[in-house]
There are 2 protein chains.
Amino acid sequence: MSQRHITFPQRECADCPIRHRAVCARCETDELEQLEAIKYYRNYEAGQTIIWAGDKMDFVASVVHGVAALTQTMEDGRRQMVGLLLPSDFLGRPNRDRAAYDVTATTDLQLCCFRRLPFQQMLSSTPHVSQRLLEMTLDELDAAREWMLLLGRKTAREKIASFLSIIARRDAAQHTPRPGGAVAFDLPLTREAMADYLGLTLETVSRQMSALKNDGVIKLDGKRHIIVPDFAALMDETGDDADGGVY
Amino acid sequence: MSQRHITFPQRECADCPIRHRAVCARCETDELEQLEAIKYYRNYEAGQTIIWAGDKMDFVASVVHGVAALTQTMEDGRRQMVGLLLPSDFLGRPNRDRAAYDVTATTDLQLCCFRRLPFQQMLSSTPHVSQRLLEMTLDELDAAREWMLLLGRKTAREKIASFLSIIARRDAAQHTPRPGGAVAFDLPLTREAMADYLGLTLETVSRQMSALKNDGVIKLDGKRHIIVPDFAALMDETGDDADGGVY
DNA sequence: GTGCATGCTTGATCCAGATCAAGGTCAAAC
DNA sequence: GTTTGACCTTGATCTGGATCAAGCATGCAC
């Protein structure tokens, strides 16, 4: 079968959930035009709920800046975070008209939204969008599986160290990297939200943060700003093997 | 933009990982021909390792019958299952040439395999395959998120009950449903593998199975055959709300 | 300023599930 | 039919993290 799509090198559509790694020469124009036509922005303050599980959801979106959390809650109030969306992450599921999880902004947040129905139609008519969305979803599934190892088998201390290293790495990916083993970043979550992420109580999170601080693995500047003098020392606390993770 | 693909009603390709929900009139023939040309079968016995994390993986596959498990292992031997593949589930990731997880057959298993490179090429040239694969991956992500709630927040008893209800439901989906609230099925996992699934020890799994048996929620016929006299009673033990789960 | 709320820390105690340790069951091998 | 080994169950004890309970720090409203 002949290749029906001629591809060009990387081309970005700002704020678009789908960063085209390659753009189809045939449908490029239509695709970008369509996305532009159905796109709009929404802003939320830290702590605001974006949508409750079960609510109608007439859009999908991409995080422009800030952080959003997906959480599940049991009847008796036990809560587990099941997704943490940082800039460029995708929110919502095509072909589903109701939210499956509670979504909250854990920092001030801007979303780039697309009305769901036109977005779906574009999905079914243009191949590259669903191919890119597939890659993104597979990455998210890998992250979920790493998270499952954390939840099922790691100690409280390892959970905290793992969480800090995840945030540090994802934060670094947004900024130009700085030299040396030292790293600094802001926590985008309260101690309670960290507990929901890690399957712990907020007291245990607080205690283990103090323990890592006392052991010199991290330094705290205020409650939220973290300094990691030696990133390798933090990684040693995560329980992951040195090269760590997905092949 | 005009719809470039004319679609017909459902059409199945036996053993194909992609159940076409609709088939493109233009590319249908090529697509099926291509899949057929690169497909072959592999069989494994219960307990056999299919591939180790980090190994070269030159195929993707669909489970025909039997059950396979994806597991992660920490250096000190702690293990967590992160995927459980039942018939029709997909194994492997396009565009990745090494396995990210250990894969083992937990029962006798048959895979329908596709050589990875031709499969990838087909992915990039035919839109429906990646659209279908996206749907499947999104379903798997939802399942992973349910699993995260289980690992992070459920009690041992709730974990066991949830696991049994998951297996019962997926088992029922393969067979024609029988009437009444009673359900029976075989466990496709040893107690140890259940422990790896649930983030418990095998002793705790065994104790909680006994407890559910003593409380009349389940009956055991041998170690592996489970009878659930009242499925609603089992669901009550899972900690999930009545209508349970994704919207 | 004072008052109040939100988020965080730390201490004391408790308990679910891990760990350590035996022993039981069953089927296949001899 | 007895030996072997894989798999499972049950008991006794231990412990990491939960729970209960104060207090502290910071920032905002007035």
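Protein chains get the first letters and strands the later ones, always in sequence-line order, with residue 1 at the start of each.
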Fill in: Between C1' of D/dC8 and CZ of B/Arg191, the distance in whole Å
7 Å
Practice prompt. Give one of base, sugar-phosphate or nothing for A/Leu200, where a contact means two heavy atoms less than 4.0 Å apart.
Written response: sugar-phosphate
Fill in: Integer-rounded Å distance: C/dT19 C1' and B/Arg78 CZ
14 Å
Fill in: B/Glu75, CD atom: more than 12 neighbouring heavy atoms under 6.0 Å
yes
Worksheet entry | Heavy-atom donor-acceptor pair, B/Glu192 side-chain to D/dC8 base, under 3.5 Å | no
Worksheet item: Could a donor-acceptor pair under 3.5 angstrom be found where the side chain of B/Arg207 meets the base of D/dG11?
Response: yes
Discussion item. Between P on D/dG16 and CD on A/Glu203, what's the gap in Å once rounded to a whole number?
Written reply: 18 Å
Practice prompt. On DNA chain C, check which nucleotide each of B/Lys223 and A/Arg224 is closest to and give me the residue with the more 5' one.
Written response: A/Arg224
Practice prompt. For the side chain of B/Leu202, starting at C-beta, report the closest nucleotide among C/dA18, C/dT9, D/dT9.
Written response: D/dT9
Worksheet item: Taking OP1 and OP2 of C/dA18, is either one under 4.0 Å from a side-chain nitrogen or oxygen of B/Thr201?
Response: yes
Worksheet entry | 5' precedence on DNA chain C between B/Gly199 and A/Leu220 (nearest-nucleotide basis) | A/Leu220
Worksheet entry | A/Asp76 side chain vs A/Arg78 backbone, donor-acceptor pair below 3.5 Å | yes
Worksheet item: Over how many whole Å does the gap from A/Ile160 atom CD1 to C/dT9 atom P extend?
Response: 10 Å
Which donor-acceptor pairs under 3.5 Å do side chains of residues 108-115 of chain B form with protein atoms, sequence neighbours excluded?
{"residue": "B/Asp108", "atom": "OD1", "partner": "B/Ala46", "partner atom": "N", "Å": "2.8"}
{"residue": "B/Gln110", "atom": "NE2", "partner": "B/Asn43", "partner atom": "OD1", "Å": "3.4"}

Worksheet item: To the nearest angstrom, how far is A/Asn214 atom CG from C/dT9 atom P?
Response: 11 Å
Practice prompt. To the nearest Å, give me how far apart CD (A/Gln208) and P (C/dG11) are.
Written response: 14 Å
Discussion item. In whole Å, I'd like the distance from the CG atom of A/Leu151 to the C1' atom of D/dG17.
Written reply: 15 Å
Worksheet entry | Distance, nearest 0.5 Å, that separates OG1 of A/Thr137 from CG of B/Leu138 | 4.5 Å
I'd like a table of donor-acceptor pairs (distance under 3.5 Å, sequence neighbours excluded) in which one partner is a side-chain atom from residues 193-203 of chain A, with atom names and distances.
{"residue": "A/Asp196", "atom": "OD1", "partner": "B/Arg153", "partner atom": "NH2", "Å": "3.4"}
{"residue": "A/Asp196", "atom": "OD2", "partner": "A/Arg79", "partner atom": "NH2", "Å": "3.3"}
{"residue": "A/Thr201", "atom": "OG1", "partner": "A/Thr204", "partner atom": "N", "Å": "3.3"}
{"residue": "A/Thr201", "atom": "OG1", "partner": "A/Thr204", "partner atom": "OG1", "Å": "3.1"}

Worksheet item: B/Ser206 near the nucleic acid: base, sugar-phosphate alone, or nothing, with a heavy-atom cut-off under 4.0 Å?
Response: base
Worksheet entry | Nearest-Å distance for atom pair CG/C1', residues A/Asp221 and D/dT26 | 14 Å
Worksheet item: Under 4.0 Å between a side-chain N/O of A/Thr155 and OP1 or OP2 of D/dG16, yes or no?
Response: no
Discussion item. C/dA18, OP1 or OP2 - any side-chain N/O from B/Thr204 closer than 4.0 Å?
Written reply: yes
